Amino acid sequence: MRHTKVFIPTLREDPADAEIVSHRLMMRAGLIRKVSAGIYTYLPIGRRVLSKIEKIVREEMDNAGALEVLLPALQPAELWQETDRWHQYGKELMRLQDRHDRDFCLGPTHEEVITDLVRGEIRSYRQLPVNLYQIQTKFRDEIRPRFGLMRGREFIMKDAYSFDENAEGAKESYHRMYDAYHRIFKRFGLHFRAVEADTGLIGGSSSHEFMVLANTGEEGVASCPGCNYAANVERAEAVLGTGSDQSEEECPALKRMETPDMKSVEAVSGFLNVSVAQLVKTLLFLADGRPVAVLVRGDHQVNEIKLKRFLKVTELILADADTVTKITGGPSGFSGPIGLKDVEIIGDCFVETMSDVVIGANEKDTHYLHASPERDFKVNHYEDIRDVVAGDPCPRCGQPIGIDRGIEVGHVFMLGTKYSEAMKATFLDQNGKKRFFEMGCYGIGVSRIMGAAIEQNHDDKGIIWPMPIAPFAIHVIPVQEKSDRVMMTAELIYGSLLQAGVETLLEDRKERVGVKFNDADLLGIPYQVIIGEKNLHESLVEIKNRRTGEKKKIEVEKVINYLIELLEDSPDESDFDF
RNA sequence: CGGGGCGUAGCGCAGUUCGGUAGCGCACACCGUUCGGGACGGUGGGGUCGGAGGUUCAAAUCCUCUCGCCCCGACCA
């Protein structure tokens, strides 16, 4: 396409309200515009990228035997009342009423609608399994939409739902989707990991998240370099490695120590000149209103999801300063397990292996030295309740694991019969017996992928698209638009590429080169063909690799074949050799 | 919902402390020069200062209410 015929309103300056890099670059490169918080318009280039993403998703879903449908975004309350999610979903559900005051919502997800469809149409095990998917706009009234496309109130998602006659079949469907997701993300040309994940509100027995790795990601991803273990840090098991035990040396007697104003772990460790790993911090929580003391090593973090699961509570709040004093008798910052009364004490497993530690004394400006679990204080339960950290042993093979940041772009769940039971969705099995469908659901955040791809692939000049989802493959840039020779060559190359089926953008604006080059780098089309008078005198044009910045001069007659070969050879970002 | 910040031209901002009738840069239109990394000169157009109410001779500026946006937190595919 010709630049002057496509609407690409680039911005010279960063928009004031865009914080993260993908948001800034999508605004600047003219991919999106904001309409309201968490609500965006996709401009032509943005829409092209979405189409690329959708095309790959469709091809792989179709290959995996899923069938595309389109479910309504506007959904009646009755369906949601059947599963009780009309209430459970809370304020995140966008609700509205029609002119007769009947309740509706804008779908944040489609389990209810799809289950309603299937229960009405599928009667026999002979019709199973079935997997239906759609690419559609979803609505979630987020507490706080943020990060541009990363957390919108309206966003585009591919969701698929599988229905099987039994658990084994459901497992098979799940694995088919899991494999399809691997192919999809590989084809996008993105670095990603599939990780074990928490099932959250959707429920079900098993689930994996697909994370695009980027250091701006919101999620922590623990993964093992030695085996294929990978998990969301929310869920990753923290295990004791060999050698984590302290020496058998006798621990000296407990000793009180003045620690004036030393409230934080770092302050105490600095003041006493001991490592933070020699401290045990005590955090007070209110678990459904009940006070609980939690012990973890000074440099470890309490994992509230694990703790919640262990305590089997729905609400877990870190106690405020007043509550701490009420529970422990001492000021916040000096809490410890010694002398705590009427409080359940949960210790992280690692604490059990420690001895001779520093702990708070539940008294202003005081800590204890040389404390040892069991000898000096009692712990009711030892449990894995902390976040894993880099270097922790892999729970499968024991090698030290690494922690990366990731952006969740896909999630697959085994749902079991949660929805089919709630909605009485049954079929007849071989014996003519009614059974509930075994379900699975599978989501891909289509619009979020666009943002995640940019988070992972950009530099200070702009976007660097992986070829498979780039809006165009080649950007043809004539330098001097007044030169007939330059313009004719540009038109020739542009025309030939189009004829060869290569998606090409021709820079045909009357702008200075600086503007053209800077906008080209901002747009991030993988290869730029730069046509200038100087090189043309020697019948050469220049090809610039946007990712590496590498430039190569090629003879005009050979450039089309050269580019076509280049595109065939480099389907993704990991393969950019000339 | 709690904490912090911001709404002035399409975009980025100054002006608000201390009231005096709105400005800068970019962008846009036209003319000329320039032209392989965001040019220069000239001319020109564009504003209910987020909205409502109030105080005042006079309000972008002070007061009250309200709407919107951004960031942190709790929460979440």
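Computed from a predicted structure; not experimentally measured. Every chain is numbered from 1, with letters handed out A, B, ... down the list of sequences.
An OP1 or OP2 oxygen of B/A39 is reached within less than 4.0 angstrom by a side-chain nitrogen or oxygen of A/R512. Note on A/S36: every side-chain N or O is 4.0 Å or more away from OP1 and OP2 of B/G68. A/K482 has no side-chain polar atom (N or O) that falls below the 4.0 Å cut-off from OP1 or OP2 of B/U34. Note on A/R144: a side-chain N or O is less than 4.0 Å away from OP1 or OP2 of B/C72. Side-chain nitrogen and oxygen atoms of A/R146 include at least one within less than 4.0 Å of the OP1 or OP2 phosphate oxygen of B/C72. Distances shorter than 4.0 Å separate some side-chain N or O of A/R12 from OP1 or OP2 on B/A27.
Pair check for B/C62 finds B/G54; Watson-Crick or G-U wobble, both atom distances under 3.5 Å. Base pairing of B/C6 is made with B/G68, judged by Watson-Crick or G-U wobble geometry with both donor-acceptor distances under 3.5 Å. Across all strands shown, the partner of B/A29 is B/U43, judged by Watson-Crick or G-U wobble contacts whose two distances both fall under 3.5 Å. Judged by Watson-Crick or G-U wobble contacts below 3.5 Å, the nucleotide B/C13 has B/G23 as its partner.
Ionic pairing of A/E218 and A/R151 is present here: one or more N-O contacts between side-chain nitrogen and carboxylate oxygen are shorter than 4.0 angstrom. Between A/E491 and A/R2 there is a salt bridge, with a side-chain nitrogen of the basic residue lying less than 4.0 Å from a carboxylate oxygen of the acidic one.
For the pair A/R95 and A/W86, the cation-pi test (distance below 6.0 Å, angle within 45°) is passed.
Rounded to whole angstrom, the span from the OH atom of A/Y181 across to the C1' atom of B/A77 amounts to 11 Å. The distance between atom CG of A/L540 and atom P of B/G36, rounded to the nearest whole Å, is 18 Å.
There is a side-chain donor-acceptor pair under 3.5 Å between A/N232 and A/E219.
Donor-acceptor pairing under 3.5 Å, judged by distance alone, is absent between the side chain of A/E533 and the base of B/G36. Judged by distance alone with a 3.5 Å cut-off, no donor-acceptor contact links the side chain of A/D14 to the base of B/G12. Between the side chain of A/R28 and the base of B/G12 there is no donor-acceptor pair of N/O atoms closer than 3.5 Å. Judged by distance alone, with hydrogens and angles left aside, A/R151 brings a side-chain donor or acceptor within reach of the base of B/C76, the pair sitting under 3.5 Å.
Among the atoms of the strands shown, none is found under 4.0 Å from any heavy atom of A/G445.
Per the stacking criterion (ring centres < 5.5 Å, plane angle < 30°), A/F155 stacks onto the base of B/A77.
Note: A/F163 and A/F437 have perpendicular aromatic rings, judged against thresholds of 30 and 60 degrees for the angle between ring planes.
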